[in-house]
Amino acid sequence: MNTLQFDDTRRLRHLLTLDGLGGERIGALLDRAAMLRTAFAAAGAKPRPLAGRTVVNLFFEPSTRTRTSFELAARRLGAQVVNFDIASSSTNKGETLEDTLATLEAMQADALVVRHKANGTPARLAASARHAAIINAGDGNHAHPTQGLLDALTIRDHHGDFAHLTVTICGDILHSRVARSDLHMLRALGAREIRLCGPKRLLPTAEECAGAIITTDFDAALDGSDVVIMLRLQKERMDEALVQSESAYFERYGLDEKRLRRTSRDAIVMHPGPMNRGVEIADAVADGPQSRIFAQVANGIPVRMAVLTDLLDP
Ligand code: CP
């Protein structure tokens with residue numbers, strides 16, 4: 001829960017986490033995303049509710065999907081987009097993040113989309129923002145709220161209601177901001193059972209994952225699952241090698257066609273990307289009929305449109 005993301009009237013002022021957002025507000029964002037997806041797929045003139053507004057992408061960590069889809073979402077809504085070049089910016093000369101924010105606000109930036117390796121960086125910026133909305137595009141292993149929302153839309157598109165769903169998330173849960181945001185989203189939307197699976201050293205404490213079943217047994221976790229979300233090993237966030245070898249990891253935690261047969265008949269497979277094929281997921285599954293991995297990518301645009309319009313054009 002982060003109260004900073006609401007204004008005095010409980011309107012969303014920033015998007016920092018899905019924790020505490022509630023099923024109703026998440027559902028409303030998904031409805032808005034679905035409406036925008038339909039509007040932009042139809043022929044004819046498109047709405048441009050963000051004409052004259054400026055969105056700045058501030059990515060201190062690499063990104064393909066999130067950065068590009070925020071840019072496409074903002075441009076399609078009529079906003080100007082600035083992709084802030086960290087490497088050639090004055091952050092490298094010792095400028096504080098708060099001064100960078102104040103500088104961009106002085107240039108009339110309306111929203112900053114922030115990715116940073118340190119947990120809490122978007123919240124830190126939200127605390128000192130004067131008028132700009134701060135959107136968390138992934139901070140450390142803390143949260144990736146728009147990924148949680150696009151995962152929710154992808155699940156809802158296929159399964160409808162969450163109340164009958166068993167969802168398994170498998171991989172490097174310990175270092176995953178996606179797992180945390182998905183957990184918040186699945187709890188808020190009332191998923192029947194949430195299973196978190198991975199090697200013991202890559203699992204967080206039971207306390208942190210309240211409301212989920214934690215297991216090291218992938219085959220058992222897959223039994224009857226309706227949704228399987230695979231995560232990659234996030235070596236950039238590991239202080240030491242926490243798995244023996246990639247082939248040994250695939251042997252126990254890789255999703256292949258044989259293992260996939262343990263899931264429910266109508267199960268779908270998801271992955272936030274980037275994928276490590278042959279490490280956590282086999283080609284045949286990633287590219288197979290139950291995969292929704294590229295539907296997730298496609299849903300990233302309407303979901304980010306929904307977030308941008310909710311914050312900038314409520
Ligand atoms: N899912 C995700 O955050 O991907 P990127 O790192 O490519 O943005």
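Whatever order the structure lists ligands and atoms in, that order sets their numbers, starting from 1. Computed from heavy atoms alone, side chains included, the values below leave out hydrogens, waters and symmetry copies. Source: prediction; values computed, not measured.
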Distance-only donor-acceptor hits, side chain of residues 52-59, under 3.5 Å, sequence neighbours excluded:
from	atom 1	to	atom 2	distance (Å)
R53	NH1	L312	O	2.9
N57	ND2	N83	OD1	2.8

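- Checked against H271 for a side chain to side chain donor-acceptor pair (under 3.5 Å), the options E280, R277, Q296, R292 give a single hit: E280.
- If you number the atoms of ligand 1 from 1 as listed, the ones under 4.0 Å from a heavy atom of T64 come out as 5 (P), 7 (O), 8 (O).
- Atom numbering of ligand 1 starts at 1 in the shown order; those under 4.0 Å from a heavy atom of T66 are 2 (C), 3 (O), 4 (O), 5 (P), 8 (O).
- In terms of protein heavy-atom proximity, atom 1 (N) of ligand 1 is nearest to P272 O, 2.8 Å.
- Atom numbering of ligand 1 starts at 1 in the shown order; those under 4.0 Å from a heavy atom of G273 are 1 (N), 2 (C), 4 (O).
- A salt bridge between R261 and E257 is absent, with no side-chain N of the basic residue lying under 4.0 Å from a carboxylate O of the acidic one.
- Among R65, R67, R115, the residue whose heavy atom lies closest to atom 6 (O) of ligand 1 is R115.
- For G138, the heavy-atom gap to ligand 1 stays at 4.0 angstrom or more.
- A donor-acceptor pair is defined here as one N or O able to donate and one able to accept, closer than 3.5 Å; no such pair exists between the side chain of D226 and the backbone of S264.
- A search for ring-ring contact (aromatic ring centres under 6.0 Å, His included) contacts involving H116 returns F60, not counting sequence neighbours.
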